[in-house]
J.: 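The structure that follows is given in the form of structure tokens.
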There are 2 protein chains.
Amino acid sequence: MTKHTHDVSDLTKNQALVMNALSSANGPLSAYTILDELREHGFRAPLQVYRALDKLVEFGLVHRLESLNAFVACRHPSCEGESKEAVLFTICEKCGNVQELISESVVKSLKGLAEEIEFSLKESVIELRGICTDCKAA
Amino acid sequence: MTKHTHDVSDLTKNQALVMNALSSANGPLSAYTILDELREHGFRAPLQVYRALDKLVEFGLVHRLESLNAFVACRHPSCEGESKEAVLFTICEKCGNVQELISESVVKSLKGLAEEIEFSLKESVIELRGICTDCKAA
DNA sequence: ACAAATATGTAATAGTATTACAATAACAAT
DNA sequence: ATTGTTATTGTAATACTATTACATATTTGT
């Protein structure tokens, strides 16, 4: 890998297929859902999906939602690079809607805490579960 | 359930066995590891573990680590009640050590963010991945 | 004692992810 | 252009995590 940023043209065939499936979805997808969607494109085994996902996550183009065992395309064009400590998600437990955010104030308090306890922070998993605005209104 | 707090004497037989397995472990355990440890006490099926874990998590006596698919006994005596929005974990990717913390500053920024975007926060999943002090030293 | 609610036992199945091995394609350096 | 190297792909088998369904037993409240 010579470059440190990635766009679709950098991706291999399988990576591009998985990326496309996630980008055109309007929410998180499980690996096996992606597999089923890509069978018509020749996918036959879970590993084809997991390998592509591994790379896409590494590139910062895709995020894994730990509490959902699912994956979403990144909405922040700038997620590549050092933002693995900063991204957070809200997950509506009613409608399933997922929002991706970066909060400077959260990042700051998190990094402050890490420093305080001398923990060398590499990556943050922050998933806020609750009810979104729309569902509260309804 | 008439009371809102729980100690070991409130627990059923299976809940107490699972709680004890987690309490005497020095780190997170997977459900199936717990199952294996409790076979000698008569456990035979995953569901016996999962049902107990569900309750223990509900009581606030046990936390689930989403990024590890594992469970830990709560170290904060006060985790029962409204702290599901506040607890966070550091996970050392080298030695596997897990530390449970509550940071007022993190909680505050998180709640501030939730309010800002009108998200009704029920529960926070916060798992900080990195290298712990001991492993950095070594 | 009885009904209702809670807890348990067991089997089967569903969902998620990895290991192992073989083959192919991409690519840099001679 | 060939060779050696690395990255990617294909495929099968397996391991790990979690839930559904159904039967039985225990506890609790009246």
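Proteins get letters first, then strands, A, B, ... in listed order; numbering begins at 1 in each.
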J.: In this structure, how many angstroms lie between the C1' atom of dT9(D) and the CG atom of Leu38(A), rounded?
T.: 14 Å

J.: What is the distance, to the nearest angstrom, from the CG atom on Leu11(A) to the C1' atom on dA25(C)?
T.: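 The answer, rounded to whole Å, is 17 Å.
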
J.: Please check this pair: side chain of Glu58(B) against backbone of Lys55(B), looking for a donor-acceptor N/O pair closer than 3.5 Å.
T.: no

J.: Is the distance from OP1 or OP2 of dC16(D) to the nearest side-chain N or O of Ser30(B) less than 4.0 Å?
T.: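 Negative; the distance criterion is not met.
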
J.: For Glu123(B), does its backbone N or O pair with a side-chain atom of Glu85(B) as donor and acceptor, under 3.5 Å?
T.: no

J.: Could you say whether Ala52(B) or Phe71(A) is positioned toward the 5' end of DNA chain C, judged by the nucleotide with the nearest heavy atom to each?
T.: Ala52(B)

J.: How do Gly42(B) and Leu47(A) order along DNA chain C: which one's closest nucleotide is nearer the 5' end?
T.: Gly42(B)

J.: Would you mind reading off the distance between Gln48(B) atom CD and dT19(D) atom P, rounded to a whole angstrom?
T.: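 For the pair Gln48(B) CD and dT19(D) P, the rounded distance is 16 Å.
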
J.: Looking only at side-chain N and O atoms, does Arg129(A) offer a donor or acceptor that is under 3.5 Å from a partner on Ser67(A)?
T.: yes

J.: At under 4.0 Å, does any side-chain N or O of Thr12(B) touch on OP1 or OP2 of dT8(C)?
T.: yes

J.: Gln15(A) CD to dA25(C) C1': how many Å, rounded?
T.: 14 Å

J.: Going hydrophobic residue to hydrophobic residue with side-chain gaps under 4.5 angstrom, can you get from Ile102(A) over to Leu113(B)?
T.: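 No, no single cluster joins them.
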
J.: Rounded to whole Å, how long is the line connecting atom CG of Asp10(A) with atom P of dC27(C)?
T.: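 Atom CG in Asp10(A) sits about 11 Å away from atom P in dC27(C).
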
J.: Of Arg51(A) and Tyr32(A), whose closest DNA chain D nucleotide lies nearer the 5' terminus?
T.: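 Per heavy-atom nearest nucleotide, the more 5' residue is Arg51(A).
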
J.: Would you say dT9(D) has OP1 or OP2 under 4.0 Å from some side-chain N or O of Lys13(A)?
T.: no

J.: Compare every heavy atom of Ile117(B) with every heavy atom of Thr133(A), then report the nearest pair and how far apart it is.
T.: OG1-O, 3.4 Å

J.: Return the stacking result for dT19(D) and Tyr50(B): yes when the ring centres lie under 5.5 Å apart and the planes under 30°, no otherwise.
T.: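 Not stacked by the 5.5 Å and 30° rule.
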
J.: To the nearest Å, how far apart are Asp54(B) CG and dT17(D) C1'?
T.: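 Value for this atom pair: 13 Å.
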
J.: Round to the nearest Å and state the distance from His41(A) atom NE2 to dG10(D) atom C1'.
T.: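 Answer to the nearest Å: 18 Å.
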
J.: Starting at atom CG of Leu53(A), determine the distance to atom C1' of dT18(C), rounded to an integer number of angstrom.
T.: 14 Å

J.: Among dT8(C), dT9(D), dT16(C), which is the nearest nucleotide to the side chain of Asn14(B)?
T.: dT8(C)

